[in-house]
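Only one structure is covered here, and it is reproduced in the block below.
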Amino acid sequence: MYELGHFIDGKRVAGTSGRVSNIFNPATGEVQGTVALASDADLAAAVESAKAAQPKWAATNPQRRARVFMKFVQLLNDNMNELAEMLSREHGKTIDDAKGDIVRGLEVCEFVIGIPHLQKSEFTEGAGPGIDMYSIRQPVGIGAGITPFNFPGMIPMWMFAPAIACGNAFILKPSERDPSVPIRLAELMIEAGLPAGILNVVNGDKGAVDAILTHPDIAAVSFVGSTPIARYVYGTAAMNGKRAQCFGGAKNHMIIMPDADLDQAANALIGAGYGSAGERCMAISVAVPVGEETANRLIDKLVPMVESLRIGPYTDEKADMGPVVTKEAEQRIRSLIDSGIEQGAKLVVDGRDFKLQGYENGHFIGGCLFDDVTPDMDIYKTEIFGPVLSVVRARNYEEALSLPMKHEYGNGVAIYTRDGDAARDFASRINIGMVGVNVPIPVPLAYHSFGGWKSSSFGDLNQHGTDSIKFWTRTKTITSRWPSGIKDGAEFSIPTMR
Ligand code: NAD
């Protein structure tokens, strides 16, 4: 058993609320530790520390800020095994997948090493007689990030790396399900040379989130999690005068055209549908084969693959996927599977009875595959966030295209085809933020930006890429004229350049 508190002013602290949440091992169902749930006073202490440290950090030249990230990247690599083990033990994903989680965050840190270039400004010489005009990007001050359980390494780094590189102080409120890695990342940032107070980690639940959303000294909030909470955070942050970017849930479709390489498509569906037990916002949860023949051939290929998925605890190096995160998540997924059967979908692979000897209390569900799913069913409308893939048969391309177009969510989508025209048409017309052409999980790399459309995202700037530099800075535009360019006498009409 271990007890986690917060990370404030460069060190671990216990917190003052007296409230804690249990941390489970998803593979065994056992409580392995507790995490403190912050009080308003804990959050206020983090803000005070951030406020004291931020001006000096903002005034630190960008090359020095970049060097902290150079060192941090090295420390992430040096500590990769320890971080992955810590992550898997609380999340349940396989060690390889946990390393991917860390590496995808590390890549954002590599991207922000370019901050001296990324934060450069615009300058116009001679915008008017003797007038120069320039725009500079200054840090917003104190930023906050609220993150979900499913990527406890990557998503905190999506947020704190660009925020801190731009000269802000940052307060991270990670998921209470798997809080160990975020605290360790903060420790490693200090080891990399970050001054105390620039990165604080405040653990907690709704109470801590509300304290962040209403604190007058926090200027910008980044959120990733489920759609109802994203909508709430966006609205509350905006009401309190904060800049906000909030990313929510997903229901990602993959269209399989009759000309697609079906072996490639089936492999892609298995990895993208069942990897990380389906607990990825970019997981493929709906397969849309076009035409009866494509559908029948695809199902024939998928069934034995789903049946032979290797499921195990993270300590099983050969496991394809692990358990889902909590008992509540397991129960929610099971009740959605039941609703699919009741509403008439055909459960062609039924993983509900999967049991693993020695791990009977773990939150395991075997891979499930539904055929004949229709858009009115709950398993189609709802984000299941588990190892369940739904096949919706479409008669033709237009019908297939209309499914993700009409769906509430708009995070990711993919098309499998050998026809360049179809792929181009699809990428152009689809109303979804991230599109894969023969790529099942089109998560953009760190130097492009990540974000969905429709109910998958609220706000107008994405995660990482140059969008993140814009989100974590505000523009100041300076117009300057020196005495030699100034005419005598007062000017009463608005100056124009005519
Ligand atoms: P969640 O919404 O339950 O929790 C996210 C964060 O919000 C956590 O830090 C949690 O403590 C906090 N929170 C929970 N309830 C709250 C409340 N009532 N008021 C204020 N804050 C609250 O999400 P989760 O279960 O941790 O993560 C899974 C969800 O995240 C899925 O819907 C998934 O699609 C989504 N997700 C989206 C993206 C994306 O980029 N769009 C990426 C990863 C995960």
Side-chain angles (χ1 to χ4, degrees), residues 19 21 23 26 35-38 43 90-93 101 104-105 108 144-159 171-179 181-182 201-214 221-237 244-252 276-285 324-326 328-330 332-333 336 382-386 407-413 432-434 441-444 449-459 461-465 467-468:
R19 290 197 310 132
S21 177
I23 305 169
V35 59
L37 302 175
L43 190 265
E90 294 182 352
H91 178 286
K93 64 175 79 172
D101 189 333
R104 272 302 182 109
V108 178
I146 300 156
T147 54
F149 81 84
N150 68 328
F151 281 100
M154 175 182 80
I155 295 180
M157 285 188 265
W158 276 3
M159 299 177 183
I171 294 169
L172 173 67
K173 204 305 282 174
S175 169
E176 59 274 44
R177 315 251 171 274
D178 41 19
V181 165
V201 183
V202 172
N203 280 306
D205 53 6
K206 179 171 167 50
V209 172
D210 286 341
I212 287 172
L213 296 179
T214 51
V221 177
S222 182
F223 173 91
V224 176
S226 59
T227 287
I229 314 294
R231 198 177 264 124
Y232 167 76
V233 170
Y234 186 65
T236 314
Q245 53 168 197
C246 301
F247 299 88
K251 194 78 177 176
N252 306 315
S276 199
E279 291 176 318
R280 290 181 183 139
C281 68
M282 289 292 275
I284 295 286
S285 49
V324 298
V325 68
T326 54
E328 295 75 52
E330 184 191 338
R332 198 183 144 275
I333 295 163
L336 275 161
T382 314
E383 179 183 43
I384 301 176
F385 226 54
H407 205 283
E408 177 195 356
Y409 295 113
N411 215 36
V413 72
I432 285 181
M434 292 172 281
I441 304 191
V443 176
S449 80
F450 180 108
W453 288 12
K454 300 189 276 184
S455 291
S456 296
S457 166
F458 306 89
L461 286 169
N462 281 349
Q463 296 285 356
H464 57 72
D467 267 20
S468 64

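When a ligand or atom number is given, it counts from 1 through the structure's own listing order. Numbers for residues simply follow the sequence, beginning at 1.
- The aromatic rings of F385 and F149 sit perpendicular to each other, their planes meeting at more than 60°, with 30° as the lower class boundary.
- Residue contacts with ligand 1, taken as heavy atom pairs separated by less than 4.0 Å, involve F223 solely via side-chain atoms from C-beta onward.
- Ranking the protein heavy atoms by distance from atom 39 (C) of ligand 1 puts C281 SG, 3.5 Å first.
- Minimum interatomic distance between I212 and V221 (heavy atoms only, all atoms of both residues): CG2-CG2, 4.2 Å.
- The two residues G204 and A208 have their closest heavy-atom pair at CA-CB, 3.9 Å.
- In this structure, the protein non-hydrogen atom closest to atom 22 (C) of ligand 1 is I229 CG2, 3.6 Å.
- Protein heavy atoms are found less than 4.0 angstrom from atom 32 (O) of ligand 1.
- The heavy atom nearest to atom 25 (O) of ligand 1, considering only Y232, W158, F151, F149, is found in F149.
- Heavy-atom proximity to I146, at under 4.0 Å, picks out these atoms of ligand 1: 6 (C), 7 (O), 9 (O).
- For I155, every heavy-atom contact with ligand 1 shorter than 4.0 Å involves the side chain, none the backbone.
- In terms of polar-atom proximity, defined here as any N/O pair under 3.5 Å, K173 does make such a contact with ligand 1.
- The single protein non-hydrogen atom nearest to atom 27 (O) of ligand 1 is P148 CB, 3.3 Å, given as residue, atom name and distance.
- Side-chain atoms of E176 and S21 include no donor-acceptor pair closer than 3.5 Å.
- Regarding atom 34 (O) of ligand 1, its nearest protein heavy-atom neighbour is E383 OE2, 2.6 Å.
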Query raised in the report: After noting the C-alpha distance and the side-chain angles of T236 and L213, does the key distance pass the side-chain contact (heavy atoms from CB on, under 4.5 Å) rule?
Result: CA-CA 6 Å; T236 314; L213 296 179; 3.8 Å; yes
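- Contact annotation: for R280 versus ligand 1, there are no heavy atoms closer than 4.0 Å.
- In terms of protein heavy-atom proximity, atom 40 (O) of ligand 1 is nearest to F450 CE2, 3.0 Å.
- Looking at atom 8 (C) of ligand 1, its nearest protein heavy atom turns out to be T147 O, 3.3 Å.
- By the criterion of a heavy-atom distance under 4.0 Å, the side chain of E176, and not its backbone, is placed next to ligand 1.
- At the shortest separation from atom 44 (C) of ligand 1 among protein heavy atoms lies N150 OD1, 3.3 Å.
- In this structure, a donor-acceptor pair under 3.5 Å is present between the side chains of Q463 and S222.
- Contact between S276 and H91 at its shortest, heavy atoms only, is OG-CE1, 3.8 Å.
- For the pair K173 and F223, the cation does not sit on the ring face, since its NZ or CZ is not both under 6.0 Å from the ring centre and inside 45° of the axis.
- Interface of N411 with ligand 1, defined as ligand atoms under 4.0 Å from a residue heavy atom, comprises 41 (N).
- In this structure, the side chain of N150 engages the main chain of E279 through a donor-acceptor pair within 3.5 Å.
- The heavy-atom pair separating M434 from P444 by the smallest distance is SD-CD, 3.4 Å.
- For atom 23 (O) of ligand 1, the nearest non-hydrogen atom from the set P179, C246, G452, S226 belongs to S226.
- Between the side chain of S456 and the main chain of N411, a donor-acceptor pair closer than 3.5 Å is present.
- Remark: among candidates D178, V209, L213, the nearest residue to atom 20 (C) of ligand 1 is V209, based on non-hydrogen atoms.
- At least one heavy atom of F385 sits closer than 4.0 Å to an atom of ligand 1.
- Given atom 37 (C) of ligand 1, the protein heavy atom at minimum distance is G248 O, 3.0 Å.
- Each of V224, T147, N462 was compared with W158 under the side-chain contact (heavy atoms from CB on, under 4.5 Å) criterion, and only V224 meets it.
- Of all the heavy atoms of D210, none lies under 4.0 Å from any atom of ligand 1, so neither backbone nor side chain is involved.
- Atoms of ligand 1 lying under 4.0 Å from at least one heavy atom of V224, given by number and element, are 5 (C), 36 (N), 37 (C), 38 (C), 39 (C), 40 (O), 42 (C), 43 (C), 44 (C).
- Counting atoms of ligand 1 from 1 in the listed order, those under 4.0 Å from a heavy atom of F247 are 39 (C), 40 (O), 41 (N).
- Among all heavy-atom pairs drawn from F450 and F247, the shortest one is O-CE2, 3.9 Å.
- Judged by distance alone, the side chain of R332 and the main-chain N or O of I384 form a donor-acceptor pair under 3.5 Å.
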